[in-house]
Amino acid sequence: IFSALCKLCQAKHCPRSYIPEPVGRTRAVETNRTLHETKTRFLLFRETSRGCQIQINRLDRLQECGFNSSLPLVMIIHGWSVNGILENWIWQLVAALKSQLAQPVNVGLVDWITLAQNHYTIAVGNTRLVGKEVAALLRWLEESVQFSRSHVHLIGYSLGAHVSGFAGSSIGGTRKIGRITGLDPAGPLFEGRSPSDRLSPDDANFVDAIHTFTREYMGLSVGIKQPIGHYDFYPNGGSFQPGCHFLELYRHIAQHGFNAITQTIKCSHERSVHLFIDSLLPAGTQSTAYPCRDMDSFSQGLCLSCKKGRCNTLGYHIRQEPQSRSKRLFLVTRAESPFKVYHYSFKIHFINQREKPMETTFTMSLLGTKEKMQKIPITLDKGIASNKTYSFLITLEVDIGELIMIKFKWEGSAVWANVWNTVQTIIPWGTRPHHSGLLLKTIRVKAGETQAYSAFCQQISQHDQFGKIKCSLLFCTELFSHNSLAH
Ligand SMILES: *[C@@H]1O[C@H](CO)[C@@H](O)[C@H](O)[C@H]1NC(C)=O
Ligand SMILES: *[C@@H]1O[C@H](CO)[C@@H](O)[C@H](O)[C@H]1NC(C)=O
Ligand SMILES: *[C@@H]1O[C@H](CO)[C@@H](O)[C@H](O)[C@H]1NC(C)=O
């Protein structure tokens, strides 16, 4: 995909436009008394709109651009470029960093667009050089204004993630850069390489990464799949993102031509940036992610436990705890901002005394202390057989508070119409079950965000005016001594 894009682009002599003030690009950078030319520009943002260029060995520029050495420095590093234009997400991220943080920071940009706008393999080759230039800038800040590298946070998108890694590994000395965040770090030519040839946990005191587009296409994936930080987040499994329609690519090309390819590729890739921007919004909008083996297990609701601080917060406000081994964290998100959802895992113990497995599609309504959610469709992957516990994950867009009641409903099922009599006799008020149909023996619910655990047991069954079966359940606190919620 990348090389196809490149060739198309070169053939078209892509236009180059540029938003910040045009200042000479080529400057001599002196580090260690060695002169070398750099095409990388370093910008600082006083206000959100325009960048102000700083240069190594130019203390006056640093002052003019409003650098405050008592505040941390967050540097944004963009990725590979098709058209030589700095993408819109950069200004969105700058604005969010400038406006949303309670603790203000210096916000900068590493503009290496002339080196990034190349055939992909050439741009990859340039990442190491740009990383060294970033390192030179940080060393100079240390020497000139005693600004510690540990107060630096590099946020690199795509190839920019690896630029950050090279900055961290080439800075020299015993101390490391404070933090590096990789936003869907680029995969091609980096996947499977040794840690010194890509972003790795060694490159900063703390390294986190958000993987959003790791679906393979002809043996390559745009975003790197392997964990490369202390914490690696895989929203929605990391391979592809909701609201991005890869399969519609060909239709889009027919409609919109070449532009459709970049838009389609960018959708999932760039989602990592928008998840990060979302994490800067006021408290309560941050998403929790959970350790899990893979997305399949996560979707089965098997991974909502945050014991021993195993979970973490996606994005800027992550709890910074370096790990000896990369931790892979999973979460579900919405298709647009605000991306946060509330995760619930359900474990339902069915006892099916019938000979045939029970139908697996039903709806569940949840009543909580704050909100109720009606008729959430559930489909279990296997027929409900006898005496078995099924588990699944449900995500809600609102916080319903503490769960008070669950209602199940099997609708429009001929099977159920036939067994109505049976069911009626197995869940009556006050009498002993007949044990000849389906029993919902227990339901255990875990809320990921609050870590609250509830257990339910059957209390009443009834049918509505259409003769459809409804079964309501209430807490059965007496049955579960470990249930912390008293109702
Ligand atoms: C200074 O440059 C020389 C020659 O390039 C190199 O060997 C040396 O390691 C550099 N020193 C530092 C502190 O970067
Ligand atoms: C630098 O930041 C500190 C801490 O927020 C603040 O007290 C100080 O006034 C700032 N300095 C300048 C020159 O803006
Ligand atoms: C369900 O299985 C458990 C253990 O496998 C067993 O102890 C219990 O009696 C079974 N219940 C029914 C109703 O078959």
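Atoms within each ligand, like the ligands themselves, are counted from 1 in listed order.
For atom 5 (O) of ligand 2, the nearest protein heavy atom lies under 4.0 Å away. There is a protein heavy atom closer than 4.0 angstrom to atom 14 (O) of ligand 2.
Taking a cutoff of 4.0 Å between a charged side-chain nitrogen and a carboxylate oxygen, Lys225 and Glu191 do not qualify as a salt bridge. Salt bridge annotation for Asp197-Arg128: present, with a cationic side-chain nitrogen under 4.0 angstrom from a carboxylate oxygen.
Each of the atoms 1 (C), 2 (O), 3 (C) of ligand 2 lies under 4.0 Å from some heavy atom of Ser70. For ligand 2, the atoms sitting less than 4.0 Å from at least one non-hydrogen atom of Leu71 are 2 (O), 4 (C), 5 (O), numbered in the order shown with element in parentheses.
Ring geometry for Tyr234 against Phe330 counts as parallel: the plane angle stays under 30°, on a 0 to 90° scale with 60° as the upper cut.
Scanning the protein heavy atoms around atom 8 (C) of ligand 2, the nearest turns out to be Asn68 ND2, 3.7 Å.
Judged by distance alone, the side chain of Arg271 and the main-chain N or O of Ala335 form a donor-acceptor pair under 3.5 Å.
By the ring-ring contact (aromatic ring centres under 6.0 Å, His included) test, Tyr342 pairs with no residue at all, sequence neighbours left out.
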